[in-house]
Amino acid sequence: MLFPKKLTAKLLHRTKNQSLRILEQVNITTTLIDFSSNDYLGFAKSEIIFNKTHQFLVNNSILQNGATGSRLLSGNHHLYNSIEKELAQFHNSEKALIFNSGYDANIGFFSSVPQRGDIILYDEFIHASIRDGIQLSNAQSFKFKHNDLHNLEDKINKHHLKSDAEIYVVTESIFSMDGDAPDLIAMSKIIKKNNAHFIVDEAHAVGVFNKGSVQELNIESTVFARIITFGKAMGCHGAVILGSNELKQYLINFSRSFIYTTGLSPHSLATIKFAYSELIRNKATENLQKNILFFKQEINRLQLNFIASNSAIHCCIIPGNEKVKTIAKQLKEKGFDVKPILSPTVNKGEERLRFCLHSYNSTQEITNVLEHLATFV
């Protein structure tokens, strides 16, 4: 059977531009030093979490591989209720609702909550999963300039002329492609003053900044919804939306990515439970913060061109897909796993090497990788 010509042309275009995505097999026993994964605290490989999860399931006779159905049918295992209560308490939220992934959570929220006639204002660098959810919504949507509070307020004022429209403003506490952060306190004041609804995606903040940026800044009461994914610093799978009791009930009734999917397995839920337990117990976040500070000091010493960041994500701008891929390969040959980020994932001319820092990286590893980078750029 012939493959459609239009699709073939698009693949050929990607190949020509050095931007064709491929799946590379990950070797879990690799000797490469990790500067690429989102496993910021090492929880994905934690034997402590693995063993506690297994023992908990055995001790409680939860010998079940799958959820057996959606949560509204047969899949709402009792672990869901207990862990959602724990998450709500930990994150100082009235309620919590677990989704199968961060993508599912963002799709489910933005496709169902903003209504026809409402307005969604989103940062121009917002994650693809939020953009996809917005596209499924019946609301109108408009982007504002990245982390630009004046531009955001101008947009709010413009759309306040529609008195019957609810306005939803969404940002990330840490942006995944730049590692930078908005001024959440100032943003929350603007949004509150204008009676809009504030949504914050905390995917790359929870664990890196302990309970997340919103709680670190004590602005929980000003945020309509927080979206937290467990596949980054928490080292497991799934996501949670934090908010009011009314929001939880609404999502259960109208969020299609929640309603029409099989629930998470008991093993996935128990892993979330013990990942949070480990976050409270160990000093991984403290070690990560020390590495972030040291990395920034080394950047300054070597005068490298990085986007300013206080997070675990640090990006060195190296324009051109071919050039950034070449330097990533050179670093790999020196023993370091650093991933190139290519256009069209980022804008053409803004291609970059994306360094992810971890609690388990040593200061010597940080110095070595940056000194090698300095000889390649």
Counting only heavy atoms not in [X] (residues, nucleotides, ligands), do more than 12 fall under 6.0 Å from its [atom1]?
{"X": "Lys95", "atom1": "NZ", "result": "no"}
{"X": "Phe3", "atom1": "CZ", "result": "yes"}
{"X": "Phe376", "atom1": "CZ", "result": "yes"}
{"X": "Glu333", "atom1": "CD", "result": "yes"}
{"X": "His78", "atom1": "NE2", "result": "yes"}
{"X": "Asn218", "atom1": "CG", "result": "yes"}
{"X": "Arg116", "atom1": "CZ", "result": "no"}

Straight-line distance of [X] [atom1] to [Y] [atom2], nearest 0.5 Å:
{"X": "Met177", "Y": "Ile307", "atom1": "CE", "atom2": "CD1", "result": "10.0 Å"}
{"X": "Phe295", "Y": "Ile366", "atom1": "CZ", "atom2": "CD1", "result": "7.0 Å"}
{"X": "Leu87", "Y": "Lys273", "atom1": "CG", "atom2": "NZ", "result": "10.0 Å"}
{"X": "Asn361", "Y": "Ile292", "atom1": "CG", "atom2": "CD1", "result": "10.5 Å"}
{"X": "Asn60", "Y": "Gln55", "atom1": "CG", "atom2": "CD", "result": "10.0 Å"}
{"X": "Ile107", "Y": "Arg131", "atom1": "CD1", "atom2": "CZ", "result": "13.0 Å"}

Under 3.5 Å: donor-acceptor pair, side chain of Arg226, backbone of His91: yes

Ser257 side chain vs Gly108 backbone, donor-acceptor pair below 3.5 Å: yes

Derivation of the side chain to side chain contact (heavy atoms under 4.5 Å, CB included) call for Phe144 and Ile156: CA-CA 10 Å; Phe144 59 91; Ile156 292 175; over 6 Å; no

Asn287, Asn291, Asp34 screened by side chain to side chain donor-acceptor pair (under 3.5 Å) with Tyr360, the one that passes: Asp34

Tell me if the aromatic rings of [X] and [Y] count as close, with their centers under 6.0 Å from one another.
{"X": "Tyr122", "Y": "Phe110", "result": "no"}
{"X": "His314", "Y": "Phe35", "result": "no"}
{"X": "Phe355", "Y": "Phe306", "result": "yes"}

Close side-chain approach of Thr345 to Arg21, heavy-atom, < 4.5 Å: yes

Minimum side-chain heavy-atom gap Ser70-Tyr260 below 4.5 Å: no

Pair [X], [Y]: side-chain N/O donor-acceptor within cut-off below 3.5 Å:
{"X": "His197", "Y": "Glu166", "value": "yes"}
{"X": "Thr285", "Y": "Asn210", "value": "no"}
{"X": "His146", "Y": "Asp180", "value": "yes"}
{"X": "Thr367", "Y": "Glu298", "value": "yes"}
{"X": "His127", "Y": "Ser129", "value": "yes"}
{"X": "Asp178", "Y": "Ser309", "value": "no"}
{"X": "Asn51", "Y": "Glu47", "value": "no"}

Salt bridge flag under 4.0 Å for residues [X] and [Y]:
{"X": "Arg71", "Y": "Glu84", "result": "yes"}
{"X": "Glu371", "Y": "Arg301", "result": "yes"}
{"X": "Glu153", "Y": "Lys193", "result": "yes"}
{"X": "Glu322", "Y": "Lys325", "result": "no"}

Minimum-distance pair of heavy atoms, taken over all atoms of [X] and [Y]:
{"X": "Phe109", "Y": "Leu247", "value": "CE1-CD1, 4.0 Å"}
{"X": "Ser311", "Y": "Phe209", "value": "CA-CZ, 3.9 Å"}
{"X": "Ile49", "Y": "Ala275", "value": "CD1-CA, 3.9 Å"}
{"X": "Gly231", "Y": "Asn38", "value": "O-CB, 4.3 Å"}
{"X": "Ser93", "Y": "Gly243", "value": "OG-N, 3.1 Å"}
{"X": "His77", "Y": "Pro266", "value": "CD2-CG, 3.9 Å"}

Parallel, tilted or perpendicular, as decided by the 30° and 60° cut-offs, for the rings of Phe175 and Phe125: perpendicular

Candidate pair Ile341 and Val324, rule side chain to side chain contact (heavy atoms under 4.5 Å, CB included), full reasoning: CA-CA 8 Å; Ile341 307 298; Val324 73; over 6 Å; no

Side chain to side chain contact (heavy atoms under 4.5 Å, CB included) between Leu331 and Leu353, intermediate numbers included: CA-CA 10 Å; Leu331 288 174; Leu353 282 178; 3.9 Å; yes

Side chain to side chain contact (heavy atoms under 4.5 Å, CB included) between His237 and Thr271, worked out: CA-CA 8 Å; His237 194 71; Thr271 306; over 6 Å; no

Passing option when Phe274 is tested against Phe43, Phe50, Phe56 for ring pair (Phe, Tyr, Trp, His ring centres under 6.0 Å): Phe56

Stacked cation flag Lys211 on Phe90, 6.0 angstrom / 45 deg: yes

Criterion side chain to side chain contact (heavy atoms under 4.5 Å, CB included) against Thr171, the qualifying member of Leu152, Leu184, Asp201: Leu184

